[in-house]
Engineer: 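The structure is given below, and queries will be raised subsequently.
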Amino acid sequence: MIAVPLDNRGQEPLGGLPHRLVVEAQARPAAPRRVHGRGQVHRPVLVVEVPGLRASGETDQAWLFEVGAGVDWHWTVQTLLESGYPGLENLALIPGTVGAAPIQNIGAYGLEIAERVHSVQAWDCQDQVVVHMGVSECGFGYRDSAFKQQLRRRRIVLSVTLALPKQWQPVLGYGDLQRELKARSVEQPSARDIFDAVCAIRRRKLPDPMQFGNAGSFFKNPVVTREKRADLIDHYPSLVSYALAGGRFKLAAGWLIEACGMKGVHRGRAAVFERQALVLVNRGGATGREILDLACEVQSRVAEKFGVLLEPETVIV
């Protein structure tokens with residue numbers, strides 16, 4: 001078991017939370033400053049910097065680790081993996097803090113954090129008490145949770161207890177990950193192989209938030225019926241989609257945006273990233289209004305061409 005103090009880890013403004021677009025409410029055309037939670041916010045902001053990582057127990061199936069909400073997420077993934085506790089490797093290199101992970105129900109390459117959460121400790125602002133929430137109370141959905149819905153502005157995540165499987169199995173359902181492992185001549189990947197592959201893919205495809213302000217994936221992958229997907233396939237045979245439970249399908253939003261000719265498009269100082277159409281970037285000094293206008297243009301183009309509405313994954317502040 002491991003216990004790691006985190007005394008010297010710097011935190012991002014706004015707690016390092018990804019998926020934030022800062023927009024002032026009054027002068028909408030000119031007020032916003034920057035995406036990725038680094039805007040100038042002219043109001044009090046609570047920064048959650050709860051530190052620490054400790055082994056907190058076990059169940060029949062999993063090892064349990066409680067991690068402070070202010071701890072860097074990627075550092076957590078890497079530290080646990082290197083200490084012999086795999087299970088989070090598909091979620092490597094996602095920017096932000098541990099506290100942000102359950103709020104967004106972060107996910108990548110076939111895995112969501114909801115599948116690795118045992119419980120969440122939070123502060124209830126209404127009742128003024130610390131509460132312990134099981135998975136069912138967190139209301140996890142696709143890039144969603146109770147913390148973004150009915151508990152928004154009521155409960156503040158203090159720590160997350162992760163459940164890492166004792167019998168680890170690789171999660172290899174995504175094509176990009178399969179292709180990267182094949183290119184590395186890895187036939188039976190270890191957790192470290194998957195970690196390294198995911199990091200390589202993300203570094204190759206996604207912008208460095210220290211270089212270009214961004215909120216990661218700006219849009220959710222839309223979910224459609226079997227009939228809608230069949231109709232789209234008839235017209236666009238190369239459409240990328242993934243089967244879900246209940247006969248529904250998740251469409252690759254990046255593919256839809258690129259098919260509309262929006263990949264790499266610039267609108268002032270805002271742009272659709274040239275290597276991943278799902279990401280909108282601030283190339284220096286863009287206002288929140290510029291980012292929002294570009295996002296609306298992307299939504300309109302996709303809706304006009306495919307009859308599909310892209311829902312923002314980013315929280316507008």
Side-chain angles (χ1 to χ4, degrees), residues 11-23 35-39 45-50 67-77 87-123 133-163 171 174 198 202 206-207 209 213-223 250 252-254 276 278-281 291 295 310-317:
Q11 304 299 324
E12 299 290 342
L14 298 178
L17 302 184
H19 298 95
R20 294 293 186 272
L21 174 63
V22 179
V23 181
V35 295
H36 192 56
R38 293 187 181 79
V45 175
L46 176 65
V47 180
V48 180
E49 294 187 326
V50 179
V67 191
V71 179
D72 180 79
W73 172 256
H74 177 70
W75 181 89
T76 301
V77 175
L88 300 173
E89 53 282 344
N90 294 63
L91 306 179
L93 218 60
I94 294 178
T97 60
V98 169
I103 296 173
Q104 184 71 9
N105 187 17
I106 60 172
Y109 302 103
L111 182 70
E112 291 185 336
I113 189 61
E115 301 171 69
R116 297 290 187 258
V117 169
H118 176 268
S119 59
V120 173
Q121 181 177 252
W123 174 255
M133 303 171 61
V135 173
S136 62
E137 298 174 88
C138 293
F140 289 125
Y142 174 56
R143 302 298 175 271
D144 200 10
S145 73
F147 302 105
K148 291 178 69 176
Q149 301 298 330
Q150 66 269 29
L151 296 179
R152 186 180 182 185
R153 300 184 182 179
R154 174 170 175 174
R155 289 190 178 174
I156 301 169
V157 176
L158 301 177
S159 70
V160 180
T161 297
L162 301 167
V171 178
Y174 260 57
V198 167
R202 294 186 70 90
L206 301 176
N214 72 89
S217 298
F218 199 94
F219 300 102
K220 296 180 182 181
N221 290 317
V223 176
K250 182 168 64 177
Q276 171 52 272
L278 197 53
V279 178
L280 305 187
V281 296
I291 300 291
L310 294 183
E311 181 182 350
E313 184 174 325
T314 299
V315 174
I316 311 298
V317 179

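Since we're looking at a predicted model, the values are computed, not measured. Side chains are part of it too, since the values below use all heavy atoms of this structure and drop only hydrogens, waters and symmetry mates.
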Engineer: Please tell me if the side chains of F147 and M133 come closer than 4.5 Å, counting only heavy atoms from C-beta onward.
Structural biologist: yes

Engineer: Which atoms form the tightest heavy-atom contact between H74 and A92, and what is the distance?
Structural biologist: ND1-C, 3.8 Å

Engineer: Does the side chain of L162 reach to within under 4.5 Å of the side chain of V67, using non-hydrogen atoms?
Structural biologist: yes

Engineer: What are the two closest heavy atoms between T76 and D72, and how far apart are they?
Structural biologist: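 So the two residues come closest at OG1-O, 2.9 Å.
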
Engineer: Over all heavy atoms of both residues, which pair between G254 and Q276 is shortest? Give the atoms and the distance, please.
Structural biologist: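 Minimum heavy-atom separation between G254 and Q276: CA-OE1, 4.2 Å.
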
Engineer: Would a 4.5 Å heavy-atom cut-off, applied to side chains only, mark Y142 and E112 as touching?
Structural biologist: yes

Engineer: Between L91 and I113, is there a side-chain heavy-atom distance shorter than 4.5 Å?
Structural biologist: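 Side-chain contact under 4.5 Å: yes.
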
Engineer: Go through V48 and V157 one step at a time and tell me if the side-chain contact (heavy atoms from CB on, under 4.5 Å) criterion holds.
Structural biologist: CA-CA 8 Å; V48 180; V157 176; over 6 Å; no

Engineer: Check whether Q104 reaches the backbone of I106 with its side chain - one donor and one acceptor, N or O, closer than 3.5 Å.
Structural biologist: no

Engineer: Does A252 offer a backbone N or O that forms a donor-acceptor pair with the side chain of N221 under 3.5 Å?
Structural biologist: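 Answer holds: no.
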
Engineer: Would you give the length of the straight line joining atom OG of S145 to atom CZ of R155, rounded to the nearest 0.5 angstrom?
Structural biologist: 12.0 Å

Engineer: Could you check whether any side-chain heavy atom of T314 comes within less than 4.5 Å of a side-chain heavy atom of L280, counting everything from C-beta outward?
Structural biologist: no

Engineer: I'd like to check R202 versus P95 (side-chain heavy atoms, cut-off strictly below 4.5 Å). Are they in contact?
Structural biologist: yes

Engineer: With a 3.5 Å distance limit and no angle check, can you tell me whether N105 reaches the backbone of F140 through a side-chain donor-acceptor pair?
Structural biologist: no

Engineer: Checking D144 against Q149 for the side-chain contact (heavy atoms from CB on, under 4.5 Å) test, could you report, in this order, the C-alpha distance in whole Å, the side-chain angles of both residues, the deciding distance, and whether it holds?
Structural biologist: CA-CA 8 Å; D144 200 10; Q149 301 298 330; 3.1 Å; yes

Engineer: Do you know the tightest heavy-atom contact between V98 and P102?
Structural biologist: O-CD, 3.1 Å

Engineer: Quick one: are R116 and L111 in side-chain contact, heavy atoms under 4.5 Å?
Structural biologist: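 They are in side-chain contact.
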
Engineer: Working to the nearest 0.5 angstrom, can you tell me the gap between I156 CD1 and L46 CG?
Structural biologist: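 Reported value, rounded in 0.5 Å steps: 5.0 Å.
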
Engineer: Could you report the tightest heavy-atom contact between V171 and N90, atom names first, then the distance?
Structural biologist: O-ND2, 3.0 Å

Engineer: Measuring from R143:CZ to E313:CD, what's the distance to the nearest 0.5 Å?
Structural biologist: 5.5 Å

Engineer: Heavy-atom distance under 4.5 Å between the side chains of T97 and W73, does that happen here?
Structural biologist: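 No - every pair of side-chain heavy atoms lies 4.5 Å or more apart.
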
Engineer: Indicate the atoms forming the closest heavy-atom contact of V281 with P207, along with that distance.
Structural biologist: CG1-CG, 3.8 Å

